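Heavy-atom basis, side chains included; hydrogens, waters and symmetry copies ignored. Note that the numbering runs from 1 along the sequence shown for the chain. In this text the structure is predicted, and so the values were computed from the model without any measurement.
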Amino acid sequence: MKHSQSKSVFDYYGKPSFGKALPLSFQHILAMIMGAVTPPLIVAGVAGANAQETMMLVQIALLFSGLSTLLQLFPVGRFGAGVPTIFGVGFAYVPSLIAIGSVYGLPGIFGAQIAGGIAMLVVGLFIKQIRHLFPPVVAGTVVLVIGLSLYDIAIKYMAGSGNVAADGFGSAQNWLVGITTLAVVLLCSQFGKGYLRLAAIIVGILVGYAISFFFGMVDFAKMDAAPWVMVPTPFAIGIEFHASAVISMVVICIVNSVQTIGDLSATTVGGMNRELKDKELSGGLLGNGLCTLVGAIFGGLPTASFSQNVGIVAMTKVISRYVLGIAAVFLVIAGLLPKFGAAMTTIPYPVLGGATIIVFGMITMTGIQLLVKDELSSRNITIVALAVALAMGINAVPEAIAQLGDTARMLIGSPVIVAATVAFVLNMVLPKKSLQDEAREREEIERQMNQGTSKSDAKNDNAQLREANASN
């Protein structure tokens with residue numbers, strides 16, 4: 001099907017000029033790149049990887065972040081959603097990867113990941129038949145918890161988490177940089193006009209980066225140490241299959257498919273003002289499963305949708321796949337040219353925190369938008385309330401599950417998984433009642449109570465009458 005060529009950034013098939021698209025693309029890259037390179041660094045440390053293996057994990061993560069995004073933007077057959085979304089290696093799987101890697105190392109992770117990718121493909125094939133199990137009350141709850149669970153990351157970033165060149169975590173200098181970045185983003189997005197308003201995030205990051213450089217917070221050591229070219233090699237680390245690791249990864253991949261459903265729904269609702277189509281959802285899950293499976297062969301960790309980029313789409317309404325496609329191409333280049341990728345990781349954490357905290361807030365609001373598309377009956381309110389309370393409560397007190405087994409901790413320790421599981425189960429077991437049904441129930445209860453009162457009054461009247469007759 002051919003589409004008329006548009007130059008609008010608000011048209012999915014629009015192709016604006018490269019000069020206009022580039023800054024809008026880079027704000028997507030800068031919002032997610034730390035999220036893409038941090039999981040492989042964490043996993044590499046736990047799994048005992050050497051320096052060369054660690055560098056390879058980071059580069060392959062960038063490479064497959066770009067490839068998976070391109071597949072989602074430009075579908076091939078049934079693979080790919082065809083909506084404005086960014087995919088890549090994310091935090092969702094980190095607890096499971098740590099648990100597997102600490103016992104079986106990187107080969108055990110990649111073997112389990114192949115099984116997890118196959119599980120994603122199966123979910124994608126049959127999602128049309130089971131989509132009714134994930135109504136707005138379930139998908140909206142998941143998106144809401146995704147947003148809520150990201151706030152602490154943004155605050156830690158603003159305070160200087162991981163920024164070795166700063167004065168220290170929570171220093172006044174870190175907060176000054178973070179708040180200044182946030183203020184610039186807010187001013188540009190709310191008071192700016194035209195292109196300045198759309199590029200609010202990149203403008204905030206540039207201002208924050210300049211201030212950070214003045215304070216000596218920018219560290220170029222990683223860029224100096226990075227090689228110029230890296231060629232991906234299949235089975236470079238090895239692959240092993242272990243039953244417990246496979247089971248854990250399959251469960252995590254299936255549950256995290258609910259997050260993908262939520263993110264894709266949030267993208268179309270927040271950015272395109274419409275519901276997600278079955279074909280788009282199936283294609284998104286199939287594409288993610290394929291990239292997760294193939295990525296394991298080359299040393300790439302599991303891919304997922306990036307919620308912070310969903311927030312950018314919802315905030316700016318820029319849905320041109322050309323804009324996001326440029327971001328994906330740069331990620332591929334960063335994966336093949338380590339110097340390029342290392343340059344983007346020089347951005348201090350307080351700058352990223354100040355630029356993304358409002359984006360995470362937009363994700364939360366998108367979750368609320370999904371929820372109000374369904375009736376706010378007492379049943380649905382109960383589902384949302386309990387799912388959010390358990391998910392965020394356990395997330396706030398991780399020591400509460402410290403004595404559980406590794407598998408239980410990796411499942412319960414993720415607020416997204418807890419919220420998705422609780423919302424899904426409650427939606428299945430609680431009787432479905434509309435607002436009209438609940439109103440009729442209240443009327444019936446009130447009628448019965450009134451009948452009971454009338455009978456009690458009649459008994460009292462009869463008793464009084466008998467007493468009066470007896471006295472006479």
Side-chain angles (χ1 to χ4, degrees), residues 36 39-44 46-49 53-54 56-72 76-81 87-127 231-261 282-305 332 335 406-407 410-411 414 417:
L41 290 173
I42 295 172
V43 173
V46 172
E53 290 173 336
T54 301
M56 187 199 75
L57 286 177
V58 172
Q59 294 308 129
I60 296 298
L62 291 172
L63 176 62
F64 270 86
S65 293
L67 292 176
S68 60
T69 299
L70 286 173
L71 182 60
Q72 298 294 343
V76 178
R78 295 185 62 181
F79 296 92
F87 272 65
V89 174
F91 280 98
Y93 304 93
V94 169
S96 304
L97 297 176
I98 289 175
I100 296 171
S102 61
V103 178
Y104 302 114
L106 292 176
I109 288 177
F110 295 135
Q113 186 177 319
I114 288 177
I118 293 173
M120 287 184 187
L121 291 172
V122 173
V123 173
L125 286 172
F126 296 100
I127 190 61
V231 179
T233 305
F235 308 108
I237 294 179
I239 291 178
E240 297 176 0
F241 295 94
H242 303 276
S244 59
V246 167
I247 293 172
S248 298
M249 185 61 73
V250 167
V251 171
I252 293 296
C253 285
I254 292 175
V255 174
N256 273 319
S257 293
V258 181
Q259 176 178 340
T260 303
I261 294 171
S282 176
L285 294 173
L286 288 172
N288 193 34
L290 179 64
C291 289
T292 294
L293 194 159
V294 176
I297 297 173
F298 288 91
L301 298 178
T303 55
S305 51
V332 172
D406 291 340
T407 302
M410 74 175 68
L411 291 172
S414 168
I417 292 177

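Classification of the Tyr104-His242 ring pair by plane angle, with boundaries at 30° and 60°, yields parallel.
Side chain of Gln72 to backbone of Gly284: a donor-acceptor contact under 3.5 angstrom is found. A donor-acceptor pair under 3.5 Å links the side-chain atoms of Thr69 to the main chain of Phe87, judged by distance alone. Checked by atom type and distance alone, the side chain of Gln113 never pairs as donor or acceptor with a backbone atom of Leu97 at under 3.5 Å. Between the Ser282 side chain and the Gly124 main chain, a donor and an acceptor come within less than 3.5 Å of each other.
Atom CD1 of residue Ile114 and atom CE of residue Met249 lie 11.0 Å apart, to the nearest 0.5 angstrom. To the nearest 0.5 Å, the span separating CZ on Phe64 from OG1 on Thr292 amounts to 9.5 Å. Atom-to-atom distance recorded for Leu67:CG and Ile60:CD1 is 9.5 Å, nearest 0.5 angstrom. Distance check: Leu106 CG to Ile237 CD1 gives 5.0 Å after rounding to the nearest 0.5 Å.
Closest of all the heavy-atom pairs between Leu57 and Ala44 is CD1-CB, 3.8 Å. In this structure, Asn288 and Ala304 approach most closely via the heavy-atom pair OD1-N, 3.7 Å. Among all heavy-atom pairs drawn from Pro40 and Val89, the shortest one is CD-CG1, 4.3 Å. For Ile254 against Ala119, the heavy-atom pair with the smallest separation is CG1-CB, 4.0 Å. Considering all non-hydrogen atoms of both residues, Met120 and Gly289 come closest at CB-CA, 3.5 Å. Taking all atoms of both residues into account, the shortest heavy-atom contact from Gly88 to Ser68 is N-OG, 3.9 Å.
Side-chain contact check for Thr233 versus Met56: every heavy-atom pair is 4.5 Å or farther apart. Between Thr303 and Ser65 there is no side-chain heavy-atom pair separated by less than 4.5 Å. Side-chain contact between Leu71 and Cys291: present, with at least one pair of heavy atoms (C-beta onward) separated by less than 4.5 Å. Ile100 is not listed as a side-chain neighbour of Phe110, based on a closest heavy-atom distance of 4.5 Å or more. Under the 4.5 Å side-chain criterion, counting only non-hydrogen atoms from C-beta, Ile118 is not in contact with Val250.
For the side chain to side chain contact (heavy atoms under 4.5 Å, CB included) with Leu286, the qualifying choice from Val122, Val123, Leu121 is Leu121, the only one to do so.
Atom CZ of Phe241 is surrounded by more than 12 heavy atoms from other residues, nucleotides or ligands within 6.0 Å.
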